[in-house]
Amino acid sequence: MTQPTSSHPTQTVDAVIVGAGFGGLYMLHRLRKLDLTTRVFEAGTGVGGTWYWNRYPGARCDVESMQYSYSFSEDLQQKWSWSELFASQPEILRYANHVADQLDLRRDITFETRVVAAAFDEAANRWTVRTDKGDVVSARFCIMATGCLSTARKPDFPGMDSFKGQTFHTGHWPHEGVDLTGLRVGVIGTGSSAIQAIPVIAQQAAEVTVFQRTPNFSIPSRNGPMRPEYEAQWKATYPEQRAKARMSRNGVLTNPNDFSAMSVSDQERLRILEERWQAGGTVFMAAFNDLVLNQQSNDAAAEFVRGKIRSLVKDPATAELLTPKNHPIGTKRICVDTDYFLTYNRDNVKLVDVSKAPIEALTESGLRIGSTEYAFDAIVFATGFDAMTGTLTRIDIRGRDGETLAAKWEAGPRTYLGLMTAGFPNLFMITGPGSPSVLSNMIVSIEQHVDWITDCIASLGARQIDRIEANRDAEDNWVAHVNEVAFKTLYPSANSWYMGANIPGKPRVFMPYIGGVGNYRVKCQEIAANDYEGFELSSSAQAVAAE
Ligand code: NAP
């Protein structure tokens, strides 16, 4: 990695955006419309963020295609056609590239360049941003569009380098693809990525051995080709549907039932759960309005899915291992699959429980658990991410008085609205911790943040205010509120990545905001309308006048 050598800016712009995923692309588009000069830095060779990196077999979105797309341009949403109900990773990546082409975004994006540091200069009210290629850019605003799941994580097993076969992480899948035909493959992990990848890998590989620490609840996607009449119906009603999604609980139209699972008879409850199971996808969790609030309601839904797993998997011992028992359904990210459980009926697929006897080491030929050696040609790490904070704290971000973001967030992320953090003026986060982000349709939340940030920057410009910073009291109150609403739900009881539980030593803090996408949007709008309540606005001119 080339280290920056010069301390003099090689470029001066109004804004630097870090990342060219869906957040960075739309942010660039909006800032251009304000006539701001903007430079985007992107570590990859192309646009797409999550969908650029996660190319593992079977990768696809859990939100329906008609809803997982930008809504800001009528032209874009009318002209683009999705081929399947749930789009695959290659198709979503094609869509990201299409948007970049249509809006002519690439000329302001520097690819293959990672931002390594950003420091705030208090006197100038500007950020100095440095990259691994030696760029030093001075910017009024620094906008982190770094994604919530962008720092892939492998466990640090002893002997990681000793394995002679191939290793892959789902979040860094080789762009040229991988041919696993005829190979003996070990897959570590059973989260969303693994649950999508395992059925596809099993069709190629000679043998697949899955190492499972925690079984997960998964709902069949019922994916299929896009029906022309379904697409037409969506396109005809897009404005109303998008408006509804923006004000919904999680940015996805799930046709939610607004009554408790306990308010209906046992027979009616089962009928509704069966209807949702047959419909497929995450709409399952909207079968009742209290599945993540009431343990009894949750137990009923969880038991229903456990019954499904037992009926799908032929070998009773394997079925029992695959049946989640240690967390309420939905409190670890609910998975959506195509034939995941049925895959364990194949002769070439084996499940190994590592909940009590963990993987101890990688060896030359595979891996070792106790005295048992497992030999592989390839090992797939589907072991997740240092979610929500990992990417931000790995960048050397220094705010006022040289305080680093990593130090400030040592006991867990602290933000005001998930948009800014006190002590770091003019630094915005798109879908930062403390916002609905990963509990929502990411594109809905991305658009809401980008629109809010754009309006904020425009308002500051119009009033010749060149500095905005979250106030510490407002931030403390927001963090307390984020916690309060989280602890009214069943979520914190699970060892999930929402809680930082997947990273040894990471503080246990519920990171996203669970108060609902619609409520959150209204709160953000009210704060802006109230002259950015909870933020401190100032300008160099005022500071000079006050001296
Ligand atoms: P993940 O949900 O964090 O799953 C990681 C898996 O690896 C877990 O099963 C975990 O077990 C296991 N693991 C980690 N370290 C291990 C170790 N030392 N030994 C054995 N097992 C180990 O990661 P992911 O599957 O990549 O998904 C992350 C998130 O990305 C999802 O929750 C979702 O939000 C998003 N995603 C979405 C889609 C989609 O829209 N379709 C697809 C993929 C990912 P434990 O559970 O015991 O920690």
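We count ligands from 1, going down the list as the structure has it; atoms in each ligand are counted the same way. Since this is a predicted model, take the numbers as computed values, not measurements.
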Would you check ligand 1 and list the protein residues that come within less than 4.0 Å of it by any heavy atom, ordered by chain and number?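 Residues Tyr56, Arg60, Cys61, Asp62, Leu149, Pro155, Phe157, Ile188, Gly189, Thr190, Gly191, Ser192, Ser193, Gln196, Arg213, Thr214, Lys332, Arg333, Val354, Ala382, Thr383, Gly384, Phe385, Trp497 each place a heavy atom under 4.0 Å from ligand 1, listed by chain and number.
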
Side-chain ion pair, Glu360 and Arg368, N-O less than 4.0 Å: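 Salt bridge between Glu360 and Arg368, a charged N being under 4.0 Å from a carboxylate O: yes.
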
Arg55: partners by side chain to side chain contact (heavy atoms under 4.5 Å, CB included), with sequence neighbours left out: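 Applying side chain to side chain contact (heavy atoms under 4.5 Å, CB included) to Arg55 gives Tyr52, Gln89, Leu93, Trp173, His175.
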
Which residues satisfy the ring-ring contact (aromatic ring centres under 6.0 Å, His included) test with His481, sequence neighbours excluded?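 If we apply the ring-ring contact (aromatic ring centres under 6.0 Å, His included) test to His481, skipping adjacent residues, the hits are Trp478, Tyr513.
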
Once side-chain hydrogen bond (donor to acceptor under 3.5 Å, both in side chains) is applied, do any residues pair with Tyr95, and if so which ones, sequence neighbours excluded?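 In terms of side-chain hydrogen bond (donor to acceptor under 3.5 Å, both in side chains), with neighbours along the sequence ignored, Tyr95 is linked to no residue.
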
Is the ring pair Phe211/Tyr374 parallel, tilted or perpendicular, if the boundaries are 30 and 60 degrees?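 Geometry flag for Tyr374 against Phe211: perpendicular rings.
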
side-chain contact (heavy atoms from CB on, under 4.5 Å) between Phe86 and Ser221, intermediate numbers included: CA-CA 8 Å; Phe86 293 93; Ser221 72; 4.2 Å; yes

